[in-house]
2 protein chains.
Amino acid sequence: MKKTVRSEIDGIPERLRSFGVRPLTHRVDVYRYLIEQNNHPTADMIHNDLVKILPSLSKTTVYNVLNHLCEKGAVHRVNVEQHEARYDAMIHDHVHFKCRLCGKVYDLDEIPFPTIDPPTDYSIEIVQVIIGGICPDCQTG
Amino acid sequence: MKKTVRSEIDGIPERLRSFGVRPLTHRVDVYRYLIEQNNHPTADMIHNDLVKILPSLSKTTVYNVLNHLCEKGAVHRVNVEQHEARYDAMIHDHVHFKCRLCGKVYDLDEIPFPTIDPPTDYSIEIVQVIIGGICPDCQTG
DNA sequence: AATTAACTTTGAAATCACTACAAAAAAAAG
DNA sequence: CTTTTTTTTGTAGTGATTTCAAAGTTAATT
């Protein structure tokens with residue numbers, strides 16, 4: 001009986017290949033983590049969690065993989081704050097909400113993404129919409 | 001004849017007071033710089049320019065002043081990139097455009113700011129809209 | 001004006017995210 | 001299976017921002 005590893009059944013390698021990314025093990029691990037957690041983690045959070053399962057994983061590799069995934073367009077970097085980059089595997093246009101109290105970043109998939117029409121002599125590549133405020137969990141009263 | 005200093009005629013101290021900011025000299029200097037340049041500078045750019053006129057100005061003071069102005073709402077921090085914070089004294093809602101080639105940040109005052117309606121259990125404090133792309137000056141052809 | 005209290009400024013040192021680099025390891029090509 | 005290319009790793013470096021404590025200013029009170 002043939003041994004089946006997880007990456008063969010969850011389709012992650014194929015998704016990476018569709019972005020022109022060779023599905024090496026650490027790339028698959030980081031990408032799967034981003035998709036499953038859907039948490040907009042920092043590079044540090046990713047490393048902290050994955051190193052428990054992959055003790056040899058270095059932080060440099062996490063940065064390398066994230067930079068590669070961003071270059072290939074498989075992952076987006078979200079600039080919700082000035083010090084730390086956060087990463088998002090949901091690459092369709094959607095509004096981000098950052099809670100000032102708990103710090104969590106939400107995908108607001110349920111509301112429409114605004115249409116922005118800059119003057120024609122500007123050419124758009126990406127549009128980021130980030131709301132800052134208080135999330136439902138942190139409301140008082 | 002009474003000596004008149006610049007800050008008495010340009011109304012900067014009053015504008016600062018209206019935000020609950022005591023108009024100390026360095027605060028006035030940094031705030032006036034932001035308003036006059038309207039350039040979305042980094043803390044480093046501000047210090048570099050102002051230290052020519054105010055040789056004793058330390059970089060720490062620039063950071064202190066910027067943090068204070070942001071806390072009081074007189075100035076907004078714009079997160080156009082993950083490494084450096086940029087500062088903007090134009091605090092009305094407007095779209096920002098960051099050119100990938102020359103790095104300049106433009107205020108797109110001429111286009112409408114989108115209306116974003118998050119689910120009612122989220123409370124909005126600020127909305128940032130940042131477009132990435134190529135500016136008119138950097139277009140080829 | 002003199003005294004005291006509160007706030008600011010300063011510069012050096014520390015912090016923290018991220019990058020550069022070069023050697024070791026792994027994967028792909030021949 | 002050998003060679004070439006690509007990845008991984010750890011260490012050391014970089015650069016923006018913060019911390020800290022001493023010195024300097026400003027404001028509040030006699």
Side-chain angles (χ1 to χ4, degrees), chain A residues 5 7-8 12-13 16-17 19-31 33 40-72 74-88 103 105, chain B residues 5 7-8 13 16-17 19-31 33 40-72 74-87 103 105:
Chain A
V5 297
S7 60
E8 289 172 10
I12 299 282
L16 285 176
R17 256 189 279 265
F19 289 104
V21 175
R22 253 199 314 186
L24 304 170
T25 61
H26 289 350
R27 287 176 180 167
V28 171
D29 293 330
V30 169
Y31 189 54
Y33 178 90
H40 311 83
T42 64
D44 203 58
M45 290 159 72
I46 297 168
H47 178 254
N48 260 302
D49 282 355
L50 289 183
V51 82
K52 296 170 191 162
I53 312 161
L54 309 162
S56 80
L57 180 71
S58 77
K59 202 176 273 191
T60 307
T61 297
V62 174
Y63 280 109
N64 286 341
V65 167
L66 289 170
N67 285 339
H68 189 80
L69 295 179
C70 284
E71 269 168 32
K72 294 295 188 173
V75 163
H76 283 175
R77 213 185 309 262
V78 187
N79 296 332
V80 284
E81 38 211 326
Q82 69 267 32
H83 287 344
E84 291 182 315
R86 284 165 171 268
Y87 296 90
D88 191 354
V105 177
Chain B
V5 296
S7 61
E8 288 173 10
L16 285 176
R17 255 188 280 264
F19 289 104
V21 175
R22 256 199 311 182
L24 304 170
T25 61
H26 291 348
R27 289 177 180 167
V28 171
D29 293 329
V30 168
Y31 189 55
Y33 177 91
H40 311 84
T42 63
D44 203 58
M45 290 158 72
I46 297 168
H47 178 254
N48 260 304
D49 282 355
L50 287 183
V51 83
K52 296 170 191 161
I53 312 160
L54 309 162
S56 79
L57 180 71
S58 78
K59 202 176 273 192
T60 306
T61 297
V62 173
Y63 279 107
N64 286 341
V65 167
L66 288 170
N67 286 338
H68 189 80
L69 294 179
C70 285
E71 268 168 35
K72 294 296 188 172
V75 163
H76 283 175
R77 212 186 310 260
V78 187
N79 297 332
V80 285
E81 36 211 330
Q82 67 266 33
H83 288 345
E84 291 182 316
R86 285 165 173 268
Y87 297 89
V105 177

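Below, chain A is the first sequence line, B the second, and so on; all start at residue 1. Predicted model, so just to flag it, every value in this text is computed and none were measured.
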Rounded to whole angstrom units, what separation is found between the [atom1] atom of [X] and the [atom2] atom of [N]?
X       : N      : atom1 : atom2 : answer
A/Lys72 : D/dT6  : NZ    : C1'   : 13 Å
A/Arg86 : C/dC18 : CZ    : C1'   : 16 Å
B/Arg17 : D/dA27 : CZ    : C1'   : 13 Å
B/Gln82 : D/dG15 : CD    : C1'   : 13 Å
A/His47 : C/dC16 : NE2   : C1'   : 15 Å
A/His68 : C/dA27 : NE2   : P     : 15 Å

(message) What I'd like to find out is whether the side chain of A/Leu69 reaches to under 4.5 Å of the side chain of A/Leu16, using heavy atoms alone.
(response)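 Counting from C-beta outward, A/Leu69 and A/Leu16 do come under 4.5 Å.
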Nearest to the side chain of [X], which nucleotide is it out of [options]?
X       : options               : result
A/Arg27 : D/dT7, C/dT8, C/dA17  : D/dT7
B/His26 : D/dT17, D/dC20, C/dT9 : C/dT9
A/Asn67 : C/dA12, C/dT19, C/dT9 : C/dT19
B/Leu24 : D/dA16, C/dT8, C/dA27 : C/dT8
B/Arg22 : D/dT7, D/dA27, D/dT17 : D/dA27

[X] side chain N/O closer than 4.0 Å to the phosphate oxygens (OP1, OP2) of [N]?
X       : N      : answer
B/Ser56 : C/dT9  : no
B/Tyr63 : D/dT18 : no
A/Thr61 : D/dT9  : yes
A/His83 : C/dT15 : no

(request) Classify the side chain of A/Ser58 and the base of D/dG10 as holding, or not holding, a donor-acceptor pair under 3.5 Å. (result)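 No such pair is found, so the answer is no.
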(message) What's A/Asp44 touching, base or sugar-phosphate or nothing? Going by heavy atoms closer than 4.0 Å.
(response)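 The residue A/Asp44 makes no contact with any strand.
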(request) Please report the closest heavy-atom contact between A/Pro13 and A/Val28, naming both atoms and the distance. (result)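 It is CG-CG2, 4.4 Å.
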(message) Treating B/Arg77 as the side-chain partner and B/Ala85 as the backbone partner, does any N or O pair qualify as donor plus acceptor under 3.5 Å?
(response)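 Not confirmed, B/Arg77 side chain does not pair with B/Ala85 backbone.
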(request) Applying side chain to side chain donor-acceptor pair (under 3.5 Å) between A/Arg86 and each of A/His40, A/Glu81, A/His76, report the one that passes. (result)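 Of all the options given, the one that passes is A/Glu81.
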(message) Could you measure the distance from the CG atom of B/Leu54 to the NE2 atom of B/His26? Nearest 0.5 Å is fine.
(response)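 Separation between the atoms: 6.5 Å.
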